[in-house]
Amino acid sequence: MASPKRLQGLTAATITPMTPDGEINLSVIGQYVDYLVKEQDVKNVFVNGTTGEGLALSTQERKQLAEEWVTKGKNKLDHVIIHVGALSLPEAKELAKHAAATGASGIAGIAPFFFKPTNKDTLVAFLREVASEAPGIPFYYYHIPPLTGVKIRVEELLDGIKEQIPTFQGVKFSDTDLLDFAQCVKNNKEQFVLLYGVDEHLLSALAMGASGAVGSTYNYLGKKNNLMLEAFAKQDLALAQRYQFCTGEFLSFVFKLGFGVAQTKAVMTFTSGIPMGPPRLPLLSASVDFIEKAKAKMESLIV
């Protein structure tokens, strides 16, 4: 499914639908694709990442999800990026090779998060091994130091990386260090796709020069965020701010209630009507109180 289009705009970090007993539910992926395209105007997806509980799934489950998203997204989605980050290098390489064979638009990998790299060269060596299993499709680095604990600056990582990893295409930057992000843009915007991954800060990243964004809220607030992108492109900062404040208002409210991947599944369920099911342990399902309050807040949002 490799796309000639450069990845830009919004990319939904997909949620993994599960049955009530906790098995992955492939039967609703087609409905999920149609919902994103028709209701949220989002045509790019990032599969098996943090929002998708990728690291809580078996290798086989991740392969099945990759296959289903590529199959159901054909001729409907512009990009299907498969996250292949794993606890071990062999597993990451296996997932990368499978994603390429499946027809994914690209793959993304994170830094090792148990035995952590302590410098750029070690991290690049690891990513090079993963990317080499999918030589025909773009490779993206998924930078998320709050979860991996690896704080090697992306500005440093990008310096000379194309010579080490020929398929390197860009970064999903899920951190609030806008200084690092700004330096990435300043030095690499023409060469790499720089996607911002903290939804509540997207407008700030756009001002810095972000190519686009990857995030969980684009599953259910994609339309509003697309309108923000349009307003920003037209240099209507006041309108762009109103849309960003809308996302911020919702997230600020649910953060106070306790918000994470499990709660995101609940929000997507009542917003889309697609049953997302429970999360995998150690995550616990959203409470009835959370669902009622979050739904009321969502319905009250006005731009």
statement: In short, Gly277 meets Thr269 closest at the heavy-atom pair N-OG1, 4.4 Å

- prompt: Does a side-chain heavy-atom distance below 4.5 Å link Lys93 with Glu129?
  reply: yes

query: Counting only heavy atoms not in Phe115, do more than 12 sit closer than 6.0 Å to its CZ atom?
result: no

field: Glu67 side chain to His98 side chain, donor-acceptor N/O pair below 3.5 angstrom
entry: yes

field: Electrostatic pair Asp34-Lys72, nearest N-O below 4.0 angstrom
entry: no

- prompt: Are any side-chain N or O atoms of Arg6 and backbone N or O atoms of Phe192, one a donor and one an acceptor, separated by less than 3.5 Å?
  reply: yes

query: Under the side chain to side chain contact (heavy atoms under 4.5 Å, CB included) criterion, do Glu200 and Val198 qualify, and how do the steps go?
result: CA-CA 6 Å; Glu200 58 269 32; Val198 183; 3.7 Å; yes

- request: May I ask you to check whether over 12 heavy atoms, not counting those of Lys116, lie within 6.0 Å of atom NZ?
  value: yes

field: Lys265 bridged to Glu53 by N-O distance under 4.0 Å
entry: yes

- prompt: Does any non-hydrogen side-chain atom of Asp175 lie less than 4.5 Å from one of Pro146?
  reply: yes

task: Kindly assign one of parallel, tilted or perpendicular to the pair Phe173 and Tyr196, based on the angle between their ring planes and the thresholds 30° and 60°.
output: parallel

field: Shortest non-hydrogen contact from Ile137 toward Ser105
entry: CB-O, 4.0 Å

- prompt: Centres of the Phe168 and Tyr141 rings: under 6.0 Å?
  reply: no

query: Any side-chain heavy-atom pair from Arg280 and Glu61 closer than 4.5 angstrom?
result: yes

field: N/O donor-acceptor pair under 3.5 Å between Gln263 side chain and Gly260 backbone
entry: yes

Close side-chain approach of Val33 to Trp69, heavy-atom, < 4.5 Å: yes

query: Does the Thr19 side chain pair with the main chain of Glu23, one donor and one acceptor, at a distance under 3.5 Å?
result: yes

statement: Interatomic distance, NE2@His83 vs CG@Leu65, rounded to 0.5 Å, equals 13.5 Å

message: For the backbone of Val154 and the side chain of Asp180, can you confirm whether one donor and one acceptor N or O come within less than 3.5 Å of each other?
response: yes

field: Euclidean distance, Leu202 CG relative to Leu10 CG, rounded to 0.5 Å
entry: 7.0 Å

task: Answer yes or no: is there a side-chain heavy-atom contact under 4.5 Å between Phe139 and Gln169?
output: no

message: Main chain of Ile144, side chain of Ser174: is a donor-acceptor contact present, judged purely on distance under 3.5 Å?
response: no

- prompt: Any side-chain heavy atom of Tyr220 within less than 4.5 Å of one from Glu39?
  reply: no

- request: Please lay out, stage by stage, how Ser287 and Asp289 fare under the test side-chain hydrogen bond (donor to acceptor under 3.5 Å, both in side chains).
  value: CA-CA 5 Å; Ser287 67; Asp289 181 63; 4.9 Å; no

query: Taking Ser211 for the side chain and Val193 for the main chain, is one N or O donor matched with an acceptor at less than 3.5 Å?
result: no

- prompt: Which atom pair, heavy atoms only, marks the closest approach of Asp41 to Asn226?
  reply: O-ND2, 3.0 Å

- prompt: So, Thr59 versus Glu91: side-chain donor-acceptor pair below 3.5 Å or not?
  reply: yes

message: Is any side-chain heavy atom of Leu7 closer than 4.5 Å to one of His79?
response: yes

query: Would you find a donor on one side and an acceptor on the other, under 3.5 Å apart, between the side chain of Asp199 and the backbone of Thr217?
result: yes

- prompt: Under a single-linkage definition using a 4.5 Å side-chain heavy-atom cutoff for Ile, Leu, Val, Met, Phe, Trp and Tyr, are Tyr32 and Val37 assigned to the same hydrophobic cluster?
  reply: yes

query: For the atom pair NZ (Lys295) and CZ (Phe270), what is the distance rounded to the nearest 0.5 Å?
result: 7.5 Å

message: Strictly distance-based, threshold 3.5 Å: is any side-chain N or O of Asn219 a donor or acceptor partner for the main-chain N or O of Leu36?
response: no

- request: Applying ring pair (Phe, Tyr, Trp, His ring centres under 6.0 Å), run through Phe253 and Phe259 and close with a yes or a no.
  value: CA-CA 9 Å; Phe253 179 83; Phe259 190 65; over 10 Å; no

task: Tell me whether Val185 is reachable from Leu158 by hopping between hydrophobic residues (I, L, V, M, F, W, Y) whose side-chain heavy atoms are closer than 4.5 Å.
output: yes

- request: Give the minimum heavy-atom separation between Ala134 and Ile107, together with the two atoms involved.
  value: CB-CD1, 3.8 Å

- request: To the nearest 0.5 angstrom, please state how far the CD1 atom of Ile15 sits from the OG atom of Ser216.
  value: 7.0 Å

query: Going from NZ on Lys186 to CG on Leu194, what distance comes out if it is rounded to the nearest 0.5 angstrom?
result: 13.5 Å

message: Any carboxylate oxygen within less than 4.0 angstrom of a Lys/Arg side-chain nitrogen, looking at Lys297 and Glu292?
response: no

message: Between Tyr218 and Gln40, is there a side-chain donor-acceptor contact under 3.5 Å, judged purely by atom types and distance?
response: no

task: Find the distance between CD (Gln64) and CG (Leu57) and round it off to the nearest 0.5 Å.
output: 10.0 Å

query: Are Ile165 and Ile152 connected in the hydrophobic side-chain network, where two residues link if heavy atoms are under 4.5 Å apart?
result: yes

message: Working note: Asp177 + Arg153, criterion salt bridge (Lys or Arg N to Asp or Glu O under 4.0 Å); need CA distance, chi angles, decisive distance, verdict.
response: CA-CA 9 Å; Asp177 186 349; Arg153 291 176 66 79; 3.1 Å; yes

Which atom of Pro112 lies closest to which atom of Leu123, heavy atoms considered: CD-CD1, 4.1 Å

field: Residue pair Ser285 / Pro279, side-chain heavy-atom distance below 4.5 Å
entry: yes

field: N/O donor-acceptor pair under 3.5 Å between Lys120 side chain and Asp159 backbone
entry: yes

- prompt: Within a reach of under 6.0 Å around NZ of Lys63, are more than 12 heavy atoms found that belong to other residues, nucleotides or ligands?
  reply: yes

message: Keeping Gln244 on the side-chain end and Leu203 on the backbone end, is there a donor-acceptor pair under 3.5 Å?
response: yes

